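Below is one structure, written out as structure tokens; comments come after it.
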Amino acid sequence: MGKRVALVLAGCGVFDGSEIHEASAALVHLSRGGAEVKIFAPNIEQRDVVNHLKGSPTEEKRNVLVESARLARGNIQDLAELKASEFDAVIFPGGFGVAKNLCSWAVDGKNCTVNEHVNSTLQAFHDAKKPIGLCCISPVLAAKVFPGCEVTVGQDKNVDGRFPDAETASAIAELGCKHICKNVNESHVDKANKIVTTCAFMCKAPLHEIFDGIGTMVQEVLKLA
């Protein structure tokens with residue numbers, strides 16, 4: 001029987017929701033791994049709505065669950081309904097929606113707060129010793145909720161201009177966590193906490209390399225499940 005995996009989304013679109021390519025890559029790799037996937041998102045208002053053509057905020061109001069339903073092809077549930085006992089693992093794709101809607105990292109950095117249902121979901125899987133997969137900016141959720149854990153968001157220096165958000169690694173370290181430098185096609189496994197992370201679009205890299213890196217994260221999560 002395939003592993004049962006919950007996928008948690010943060011909206012739809014890189015600048016105000018889940019990064020679409022990352023969510024899709026995770027779903028493809030989970031499908032290839034024979035996993036049974038159910039998709040969730042919090043039923044809350046987005047922090048902002050961004051015009052992705054212009055890259056600027058609009059006056060619109062949108063709901064995270066409703067927008068995430070676009071990626072889930074309508075087959076989605078409120079995150080409040082997620083029960084860790086019904087799953088073997090949980091995965092969080094990245095995108096600015098993670099830092100805006102699932103927590104307040106985009107505004108408050110290391111002093112951020114985490115959405116109550118996101119926090120309780122992470123705690124429930126961790127307490128049950130079930131693996132947690134995170135990519136792109138999502139590892140900051142683990143860094144905030146699990147002090148002392150190990151994660152990667154790529155490199156801690158802007159190597160060859162490919163890691164423009166390298167300072168995130170320093171903020172993670174300031175939270176008392178250990179940042180592990182990894183390339184885009186790699187992931188890091190914190191065996192003690194069963195947390196698997198990969199940098200994805202935190203690195204400026206060809207799409208296939210990001211896809212492959214997410215694949216290593218998914219494979220490690222399924223191995224631990």
Side-chain angles (χ1 to χ4, degrees), residues 2-10 14 18-40 71-72 84 87-99 102-103 105 118 121-122 125-126 128-146 149-156 162-163 165-166 168-169 172 177-225:
K3 304 297 183 182
R4 300 163 301 169
V5 180
L7 187 84
V8 181
L9 298 178
V14 59
S18 288
E19 211 296 320
I20 294 170
H21 298 295
E22 291 178 11
S24 179
L27 287 166
V28 170
H29 287 296
L30 284 165
S31 176
R32 184 170 285 148
E36 177 188 338
V37 181
K38 289 190 177 178
I39 304 175
F40 297 84
L71 279 168
F87 295 91
D88 300 302
V90 64
I91 288 177
F92 289 76
F96 279 103
V98 172
L102 303 193
C103 71
W105 186 277
V118 173
T121 295
L122 289 167
F125 277 85
H126 187 260
K129 294 180 168 47
K130 294 179 177 180
I132 299 167
L134 307 125
C135 66
C136 194
I137 193 63
S138 291
V140 301
L141 296 172
K144 187 66 181 181
V145 176
F146 308 118
C149 72
E150 298 177 355
V151 298
T152 188
V153 288
Q155 300 290 325
D156 55 11
R162 298 174 74 227
F163 295 89
D165 301 304
T168 304
I172 286 169
C177 298
K178 186 174 182 180
H179 179 265
I180 309 297
C181 291
K182 290 285 183 177
N183 292 322
V184 67
N185 59 348
E186 299 175 315
S187 56
H188 176 70
V189 181
D190 177 347
K191 294 181 180 177
N193 291 293
K194 289 194 171 183
I195 296 171
V196 188
T197 51
T198 188
C199 69
F201 277 100
M202 294 292 277
C203 176
K204 290 185 176 180
L207 183 58
H208 70 278
E209 292 184 11
I210 292 164
F211 181 88
D212 291 344
I214 293 171
T216 67
M217 180 266 287
V218 170
Q219 289 165 17
E220 294 295 340
V221 165
L222 294 178
K223 282 182 193 174
L224 291 170

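Quantities reported herein were computed from a predicted structural model and do not represent experimental measurements. Position 1 is the first residue of the sequence; numbering continues from there.
- Formation of a donor-acceptor pair under 3.5 Å by the Lys3 side chain with backbone atoms of Ala89 is not found in this model.
- A 4.5 Å side-chain heavy-atom check between Val118 and Cys103 finds every atom pair outside the cut-off.
- Closest approach of Phe87 and Val5 over heavy atoms only: CD2-C, 3.6 Å.
- The shortest distance between side-chain heavy atoms of Leu207 and His21 falls below 4.5 Å.
- Under a cut-off of 6.0 angstrom, the local environment of CZ in Phe163 is crowded, with over 12 non-hydrogen atoms contributed by other residues, nucleotides or ligands.
- Rounding to the nearest 0.5 Å gives a distance of 10.5 Å between NE2 of His29 and CD1 of Ile91.
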**OP:** Show the numbers, then the answer: is there a side chain to side chain contact (heavy atoms under 4.5 Å, CB included) between Cys177 and His179?
**Re:** CA-CA 6 Å; Cys177 298; His179 179 265; over 6 Å; no
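- In this structure, Glu22 CD and Ser138 OG are separated by 7.5 Å, a value rounded to the nearest 0.5 Å.
- Considering only heavy atoms from C-beta on, Ile20 stays 4.5 Å or farther from Val14 through its side chain.
- Identified under the salt bridge (charged side-chain N to carboxylate O under 4.0 Å, His left out) test for residues 201-214, with sequence neighbours left out: Arg162-Glu209.
- Taken from CG in Asn193 to SG in Cys149, the straight-line distance is 6.0 Å, to the nearest 0.5 Å.
- No side-chain heavy atom of Phe96 sits under 4.5 Å from any side-chain heavy atom of Ile137.
- Across all their heavy atoms, Gly94 and Cys136 have their closest contact at CA-CB, 3.7 Å.
- Between Ser187 and the options Thr216, Thr152, Thr197, a side-chain hydrogen bond (donor to acceptor under 3.5 Å, both in side chains) holds for only Thr216.
- Contact record, Val189 with Val196: CG2-CG1, 4.2 Å, taken as the closest heavy-atom pair.
- Taking CG from Leu122 and CZ from Phe92, the interatomic distance works out to 4.5 Å, rounded to the nearest 0.5 Å.
- For the pair Trp105 and Val98, the minimum side-chain heavy-atom distance is 4.5 Å or more.
- Here the closest heavy-atom approach between residue Leu224 and residue Lys194 is recorded as O-NZ, 3.7 Å.
- Val151 and Ala142 make their closest contact through CG1-CB, 4.2 Å (heavy atoms, listed as atom of the first residue, atom of the second, distance).
- Summarising the geometry, atom CZ belonging to Phe125 is positioned 13.0 Å from atom CD1 belonging to Ile195; distances are rounded to the nearest 0.5 Å.
- In this structure, Thr198 and Glu186 approach most closely via the heavy-atom pair OG1-O, 2.7 Å.
- Contact annotation: the side chain of Phe40 never approaches that of Thr121 to less than 4.5 Å [non-hydrogen atoms, C-beta and beyond].
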Subject >> side chain to side chain contact (heavy atoms under 4.5 Å, CB included) between Phe211 and Val184, worked out >> reply: CA-CA 9 Å; Phe211 181 88; Val184 67; over 6 Å; no
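- Taken to the nearest 0.5 Å, the SG atom of Cys203 stands 10.5 Å off from the CG atom of Asp165.
- Checked against side-chain contact (heavy atoms from CB on, under 4.5 Å), Ala23 has the following partners two or more places apart in sequence or in another chain: Leu9, Leu71, Pro93.
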